[in-house]
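In what follows, chains carry the letters A, B, and so on, assigned in the order in which the sequence lines appear, proteins first and then strands, with residues in each chain numbered from 1.
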There are 2 protein chains.
Amino acid sequence: MFIPVQAGRASEEIALQIEAAIMDGRLSPGERLPSEREMQSQFGTGRGVIREAIKILKQKGLLEVKKGAKGGAYIRQLDVGNISESLALFLKQHPVEPEKLIEFRETLDRTITQLAIAHAEQAEKDELVKEALRLEAMLLEDEPDFTASSELDRQLNIMLARMARNPLFEWVMHAIQMGFNSHDYALYEDKAYRERAAANWSKTAQAIAQGELMRALGFIGYHYVLLRQCIDEKATLTNEPDAEFLQKDEQ
Amino acid sequence: MFIPVQAGRASEEIALQIEAAIMDGRLSPGERLPSEREMQSQFGTGRGVIREAIKILKQKGLLEVKKGAKGGAYIRQLDVGNISESLALFLKQHPVEPEKLIEFRETLDRTITQLAIAHAEQAEKDELVKEALRLEAMLLEDEPDFTASSELDRQLNIMLARMARNPLFEWVMHAIQMGFNSHDYALYEDKAYRERAAANWSKTAQAIAQGELMRALGFIGYHYVLLRQCIDEKATLTNEPDAEFLQKDEQ
DNA sequence: TGCCTACAATGGTCGGACCAAACACGAATA
DNA sequence: TATTCGTGTTTGGTCCGACCATTGTAGGCA
């Protein structure tokens, strides 16, 4: 099945061979690779090289390694998690201005909304409304659970993306949702914004359910108006002179 | 209730430590990690573990490893390549229908075009026109170089994405371009399509350069009309050669 | 029948050895 | 003096053989 290697960078060569075997279906998700000691002799190389190759593929998300008897390297079905992770890593080194992220999210939302209205089943649209109302109720409580509501917000977005009936939008949305969960939920910290944003989510969902594209787009626009306002306010608050005072306070 | 912890895994622990050091700036791009043998004693572990940790980080794109004296592991500035790669990998395992890809690309192109017209410098727009004309000239030859023209087409797309002045669009476009380079260039194989598509690219670029949004969007629409036609034709040709005449009434 | 222990398979780690590439520096040469 | 050629040192790349830790299982024992 595998061809022995001799050139430099053997581990990468081996990783490529295994990756190819996975990609063209000679190995399918759930199956197990031979044990390290066995591959060692199949490839005609040392065990360290095999281990490094496995590490590479594991990092790529293609393999899952288990210890013990019946252990070994199992082929994994890739999920969006890996993309989200590398995106998050990238964004840590290349901070994107919040405005750029918002711009991206807004165009993404608008596109997805159009597609969702056109393609989704009525049942899904009703489900979206139901969940949006649930989020609204959750956020109107006196002591909202921020973790739960952020999670629900994320799920609403992903649900909407799925309704577009195009996996590419679903994946991009997923990656964005996982890549940064910081800015968006600033909106929910302030009571005034929270109530308006929640009500707006419900209205958006209802407009979608009724097939009212332009109204839905209007609500989406308002959501981002709110978000921009909210972030601006926070920025001026923390950049004001008394920020200095706050720092001293912390020491 | 409790989350199981995979004990051991020293290499991953080390990778995390180094990654943290990079992320919070204790190590900056361009700097060099200690040699493997040195880290071996610093971490109090075997050299194999260190090597596996380095492999992980290298795969993540955080390190670049060089051999020889003055070699070693250098901290790298991340680029979009890594994200594109993981997306491409994902897309290979989860094939999407061509129509879904086209739908995605079309909305992406339209959005990017709007932003590019609004944000790009005139010089960039003129450069785009110049390159589009170059592509057109290249494709009008009797014996076009498909590799070179596909590459130029890709670069035009990425150039346009960069003009949107939002790294997120650049990233998505990059990833898409790398993820599948198959369908799009079907357009260039047939002489009739090739000429129309090339001329259309030039017109699109010119409309962008002149700030004519609606005209540009029109040309983009036409590009995808052509692409869909072309793919349909190919599909019917390869699947049932006799049914060719059924598609004739389309134009 | 049901629990428990011993065993075998497998990944994880260690240390030492050697190879191969890349660079530095000095000697030999034009 | 400037250039070229070796030669040595540093460093990653590979191999080997041993041992440890975990895990599933089969067989023994109550």
field: Between D:dG12 (P) and B:Lys67 (NZ): distance, integer Å
entry: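 Distance, rounded to whole Å: 11 Å.
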
- request: May I have the distance from A:Lys55 (atom NZ) to D:dT14 (atom P), rounded to whole angstrom?
  value: 16 Å

- request: Kindly say whether A:Leu78 contributes a backbone atom to a donor-acceptor pair with the side chain of B:His94 at under 3.5 angstrom?
  value: yes

message: Given 3.5 Å as the limit, does a donor-acceptor pair link the side chain of A:Arg47 with the main chain of A:Met39, or not?
response: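 Judged by distance alone, no pair lies under 3.5 Å.
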
- prompt: Salt bridge between A:Glu64 and A:Arg76, side-chain N to carboxylate O under 4.0 Å?
  reply: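 Salt bridge: no.
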
- request: Using a strict 4.0 Å threshold on nitrogen-to-oxygen distance, state whether A:Lys55 and A:Glu52 make a salt bridge.
  value: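 A:Glu52 and A:Lys55: not salt-bridged.
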
query: For D:dG12, does either OP1 or OP2 sit under 4.0 Å from a side-chain N or O belonging to B:Arg51?
result: no

query: Where each residue is assigned the nucleotide of DNA chain C containing its nearest heavy atom, which of B:Gly46 and B:Arg37 is assigned the position nearer the 5′ end?
result: B:Gly46

message: Over 60° means perpendicular and under 30° means parallel, so tell me whether B:Trp171 and A:Phe104 are parallel, tilted or perpendicular.
response: tilted

message: Any heavy-atom pair between the side chains of A:Gln93 and B:Ile22 that's under 4.5 Å?
response: yes

field: Interatomic distance, A:Glu13 CD vs D:dG13 C1' [rounded to whole Å]
entry: 15 Å

query: Atom CD1 of A:Ile50 to atom C1' of D:dC15: distance rounded to whole Å?
result: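 The answer, rounded to whole Å, is 12 Å.
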
query: Nearest of C:dT10, D:dT10, D:dT22 to any side-chain atom of B:Ala69?
result: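 So the side chain of B:Ala69 is nearest to D:dT10.
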
message: Please check this pair: side chain of B:His174 against backbone of B:Ser84, looking for a donor-acceptor N/O pair closer than 3.5 Å.
response: no

- prompt: When only distance counts, do a donor and an acceptor, one from the side chain of A:Arg9 and one from the base of D:dG12, lie under 3.5 Å apart?
  reply: no

query: Rounded to whole angstroms, how far apart are CZ on B:Phe43 and P on C:dT13?
result: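 Taking atom P of C:dT13 as the reference, CZ of B:Phe43 is at 13 Å.
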
message: For a quick check of understanding: with a heavy-atom distance under 4.0 Å over all strands, which category does A:Gly48 fall into, base, sugar-phosphate or nothing?
response: nothing

- prompt: Can you find a donor-acceptor N/O pair under 3.5 angstrom joining the side chain of A:Arg47 to the base of D:dG17?
  reply: no

- request: Starting from P on D:dG13, measure out to NZ on B:Lys66 and report it in whole angstrom.
  value: 13 Å

Between the protein and nucleotides 25-27 of chain D, list the N/O to N/O atom pairs that are separated by less than 3.5 angstrom.
residue : atom : partner : partner atom : Å
D:dT25  : OP1  : A:Lys70 : NZ           : 3.4

- request: Rounded off to whole Å, could you give me the CG-to-C1' distance for the B:Leu63 and D:dT11 pair?
  value: 15 Å

- prompt: Rounded to whole angstroms, how far apart are CD on A:Glu52 and P on C:dG11?
  reply: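 A:Glu52 atom CD is separated from C:dG11 atom P by 16 Å.
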
